[in-house]
Number of protein chains: 2
Amino acid sequence: MHEHDLPISEKIKYLQDTLFTISGKWKLPVLMAMYSGASRFTDIQRNVAAITTKVLSKELKDLEEHHLIVREVDRTYPQTISYTVTPYAFTLKPMVDEMISWGKTHRLKIADKLA
Amino acid sequence: MHEHDLPISEKIKYLQDTLFTISGKWKLPVLMAMYSGASRFTDIQRNVAAITTKVLSKELKDLEEHHLIVREVDRTYPQTISYTVTPYAFTLKPMVDEMISWGKTHRLKIADKLA
DNA sequence: CTGTATCCATGATGATACTG
DNA sequence: CAGTATCATCATGGATACAG
């Protein structure tokens, strides 16, 4: 059964579930930075321009609650914290890639004053 | 050139463009209702459960500004208003379908107490 | 039917400073 | 380095009533 067979109300329900999980301006950018290899708090912050420590801290907690990332205290000296994306988080990647692709095209269209 | 060749800063920029365009809880559910054929204000409102007229009105204006829908006054008597999705709006559909698909799976995982 | 007008509540985001 | 603490502001959304 493919998605287009679902009743519209179901589609919207699932869509809203997803929107809730990724809500806000920052969760996906943070995830993107982590897909690309950033695992330290400061690295992530540097990659996601303009995000403040307070907001990043909150987003990381939200992502952890949703089981999309894992926070680990490394047994090193001095101790460091590393965040890693879970396999589950990678199930979001096709969607994120599609969003990047759309955004890139969209920006070109806007430059042309759109259609 | 594929998306994974882009520098991370570019990816995040495009991602944020897309997030900005679809921002909020309602734009995509409204678009989904319209993909499925709803074209009248009341029809859309009935399909997108719990959305208020004020919010729907605002979302429709936003979507129109982004050239994703078109508002038309039908030359009927009495006059009716119809909203239709533009071809451009359909370029978002793969992303929306992916979100529906992910949300469906996600809901199952949550039911299983997730992984 | 297709909206507008208020008023209000909440959450999200931002600026800045500070800490172990 | 990896955060927390405050304070402030702003955007989003919701309730309700009303109007052409």
Side-chain angles (χ1 to χ4, degrees), chain A residues 12-13 15-34 37-66 68-85, chain B residues 12-13 15-34 37-66 68-85:
Chain A
I12 290 181
K13 182 177 67 179
L15 181 54
Q16 287 174 326
D17 285 349
T18 300
L19 289 169
F20 176 75
T21 304
I22 66 171
S23 66
K25 296 165 58 178
W26 300 110
K27 280 179 197 66
L28 292 187
V30 166
L31 218 46
M32 187 69 243
M34 297 183 66
S39 62
R40 305 285 297 279
F41 190 93
T42 310
D43 287 339
I44 298 167
Q45 189 178 18
R46 188 163 29 74
N47 276 287
V48 183
I51 194 169
T52 65
T53 59
K54 191 191 83 171
V55 171
L56 178 55
S57 178
K58 180 194 173 283
E59 298 300 321
L60 289 170
K61 282 172 185 165
D62 287 350
L63 291 169
E64 199 184 1
E65 270 181 22
H66 290 307
L68 296 174
I69 68 173
V70 173
R71 180 186 190 273
E72 286 170 295
V73 180
D74 302 324
R75 300 176 60 77
T76 54
Y77 180 78
Q79 283 191 344
T80 53
I81 310 293
S82 64
Y83 294 92
T84 53
V85 286
Chain B
I12 291 182
K13 182 178 67 179
L15 181 54
Q16 287 175 326
D17 284 350
T18 301
L19 288 169
F20 176 75
T21 305
I22 67 172
S23 66
K25 296 164 58 179
W26 299 111
K27 280 180 197 66
L28 292 187
V30 166
L31 217 47
M32 186 70 243
M34 296 182 69
S39 62
R40 303 286 297 278
F41 190 93
T42 309
D43 287 340
I44 298 167
Q45 189 178 20
R46 187 164 29 75
N47 277 287
V48 183
I51 195 171
T52 64
T53 58
K54 191 193 83 171
V55 171
L56 178 54
S57 178
K58 180 194 173 286
E59 298 300 321
L60 289 170
K61 281 173 185 165
D62 287 349
L63 291 169
E64 198 183 2
E65 270 181 22
H66 291 306
L68 296 173
I69 67 173
V70 173
R71 179 185 191 272
E72 288 170 293
V73 180
D74 301 324
R75 300 178 60 77
T76 55
Y77 181 78
Q79 283 192 344
T80 54
I81 310 293
S82 64
Y83 293 94
T84 54
V85 286

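Values below: all heavy atoms of this structure, side chains included; hydrogens, waters and symmetry mates excluded. Here is how names work: the chains are called A, B, and so on, in the same order as the sequence lines, proteins then strands, and each is numbered from 1.
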Inset, instruction - Go through the N and O atoms of the side chain of A:T53 and the base of D:dT4, and report whether any donor-acceptor pair is under 3.5 Å. - result: yes
Any [X] side-chain heavy atom under 4.5 Å of [Y] side chain:
| X | Y | value |
| --- | --- | --- |
| A:L63 | A:Y83 | no |
| B:I44 | B:M34 | yes |
| B:L19 | A:P29 | yes |

Inset, instruction - Assign B:Q79 to base, sugar-phosphate, or nothing according to its heavy-atom contacts below 4.0 angstrom with the strands shown. - result: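 Contact class for B:Q79: none.
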Legend entry - Derivation and outcome, salt bridge (Lys or Arg N to Asp or Glu O under 4.0 Å), residues A:D62 and A:K58: CA-CA 6 Å; A:D62 287 350; A:K58 180 194 173 283; 2.8 Å; yes
Should [X] be listed as having a side-chain N or O under 4.0 Å from OP1 or OP2 of [N]?
| X | N | answer |
| --- | --- | --- |
| B:R46 | C:dC1 | no |
| B:W26 | D:dG14 | yes |
| B:R40 | C:dC1 | no |
| B:S57 | C:dT4 | yes |
| B:T42 | C:dT2 | yes |
| A:T80 | D:dC1 | no |
| A:Y83 | D:dC1 | no |

Could you give the [atom1]-to-[atom2] distance, from [X] to [N], as a whole number of Å?
| X | N | atom1 | atom2 | answer |
| --- | --- | --- | --- | --- |
| B:Y77 | C:dC1 | OH | P | 16 Å |
| B:K61 | C:dT4 | NZ | C1' | 8 Å |
| A:D43 | D:dA2 | CG | C1' | 12 Å |
| B:K25 | C:dT10 | NZ | P | 14 Å |
| A:Q45 | D:dA2 | CD | P | 10 Å |
| B:F41 | D:dA19 | CZ | C1' | 14 Å |
| B:K54 | C:dT2 | NZ | C1' | 16 Å |
| A:I51 | C:dT16 | CD1 | P | 17 Å |

Inset, instruction - Describe, in one word, how the ring planes of B:H66 and B:F20 are oriented to each other, choosing from parallel (under 30°), tilted (30 to 60°) and perpendicular (over 60°). - result: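 B:H66 vs B:F20 ring planes: perpendicular.
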